[in-house]
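In listed order, ligands and their atoms are each counted from 1. Quick note: residue numbers are just sequence positions, from 1.
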Amino acid sequence: MKIDTILIASDHAGFEMKEQIKEYLRAKFDFQIIDLGANDAKTSVDYPDFAHSLAKKIDDKTYGVLICGTGIGISIAANRHEGVRAALCHNVDTAILAREHNDANVIAFGARVIDLDLAKEMLKAFFTTQFAGGRHENRVKKIETKG
Ligand code: RB5
């Protein structure tokens, strides 16, 4: 995992958590952190717009953080993009396993489901855990095939 940039996006439901997480990521990591919106918590917006905007920019060195109310809608939309493996995580274990087993390049979570401290712990785990490779390599490759 060679990260240059972390993109972060949310809808209105995830806005407040996004703002706090942005500060945390900037303080904790040397990566470039780019905020793709939303820009406030009051204007109701559509989570797929932010998921697509972020997912289009994911590449080998560009990872992502997506936040909506539950993390569900925004991760579903992001996963429509080839090469994007967005993992909806609920705790530190799922954040670690998303990297080790699934080589996830986007972490998603719900601002109405988890608290800020847990979100920070999950981000620390996600961005410091390497893909385990081995038996997981072929499984991850198979994700991109249509069966
Ligand atoms: C917005 O109210 C909410 O539906 C959205 O943030 C998300 O939870 C959708 O999956």
J.: Which protein heavy atom lies closest to atom 4 (O) of ligand 1, and at what distance to 0.1 Å?
T.: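 Sorting protein heavy atoms by distance from atom 4 (O) of ligand 1 puts Tyr47 CE2, 4.5 Å first.
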
J.: To which protein heavy atom is atom 8 (O) of ligand 1 closest, and what is the distance rounded to 0.1 Å?
T.: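 Result for atom 8 (O) of ligand 1: Thr70 N, 3.0 Å.
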
J.: Ignoring hydrogens and geometry, is there a side-chain-to-backbone donor-acceptor pair from Asp46 to Pro48 under 3.5 Å?
T.: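 Checking the backbone N and O of Pro48 against the side chain of Asp46, no donor-acceptor pair under 3.5 Å is found.
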
J.: Of Ala108, Ala51, Gly73, which has the heavy atom at the shortest distance from atom 10 (O) of ligand 1?
T.: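 Result: the heavy atom closest to atom 10 (O) of ligand 1 is in Gly73.
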
J.: Kindly work out whether a path of hydrophobic side-chain contacts (I/L/V/M/F/W/Y, heavy atoms less than 4.5 Å apart) joins Ile8 to Leu36.
T.: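 No; Leu36 is not reachable from Ile8 via cluster members.
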
J.: Identify, by atom number and element, the atoms of ligand 1 in contact range of Cys68, meaning under 4.0 Å from any of its heavy atoms.
T.: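 Those qualifying, in numeric order: 6 (O), 7 (C), 8 (O), 9 (C), 10 (O).
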
J.: Under a 4.5 Å cut-off applied to non-hydrogen side-chain atoms, are Phe29 and Thr128 in contact?
T.: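 Of all side-chain heavy-atom pairs linking Thr128 with Phe29, at least one is under 4.5 Å.
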
J.: With rounding to the nearest 0.5 Å, note down the distance linking NE2 in His52 to CZ in Arg80.
T.: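 That separation rounds to 8.0 Å.
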
J.: Roughly how far, to the nearest 0.5 Å, is the CZ atom of Phe127 from the CD1 atom of Ile3?
T.: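 One finds 5.5 Å between CD1 of Ile3 and CZ of Phe127.
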
J.: Looking at Gly69, which atoms of ligand 1 are within less than 4.0 Å of one of its heavy atoms?
T.: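 Atoms satisfying the 4.0 Å criterion: 5 (C), 6 (O), 7 (C), 8 (O).
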
J.: Nearest protein heavy-atom contact for atom 2 (O) of ligand 1: which residue, which atom, what distance?
T.: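 Here the nearest protein heavy atom works out to Arg112 NH1, 3.3 Å.
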
J.: Can you tell me which portion of Asp11 lies within the under-4.0 Å heavy-atom range of ligand 1? Options are side chain, backbone, both, or neither.
T.: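 Only the side chain of Asp11 comes within reach of ligand 1.
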
J.: If you count the atoms of ligand 1 from 1 in the order shown, which ones are under 4.0 Å from a heavy atom of Ala13?
T.: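 Heavy-atom distances to Ala13 below 4.0 Å select 6 (O).
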
J.: Can you confirm whether Lys18 sits close enough to Val65 that some side-chain heavy atom of one is under 4.5 Å from a side-chain heavy atom of the other?
T.: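 Side-chain contact under 4.5 Å: no.
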
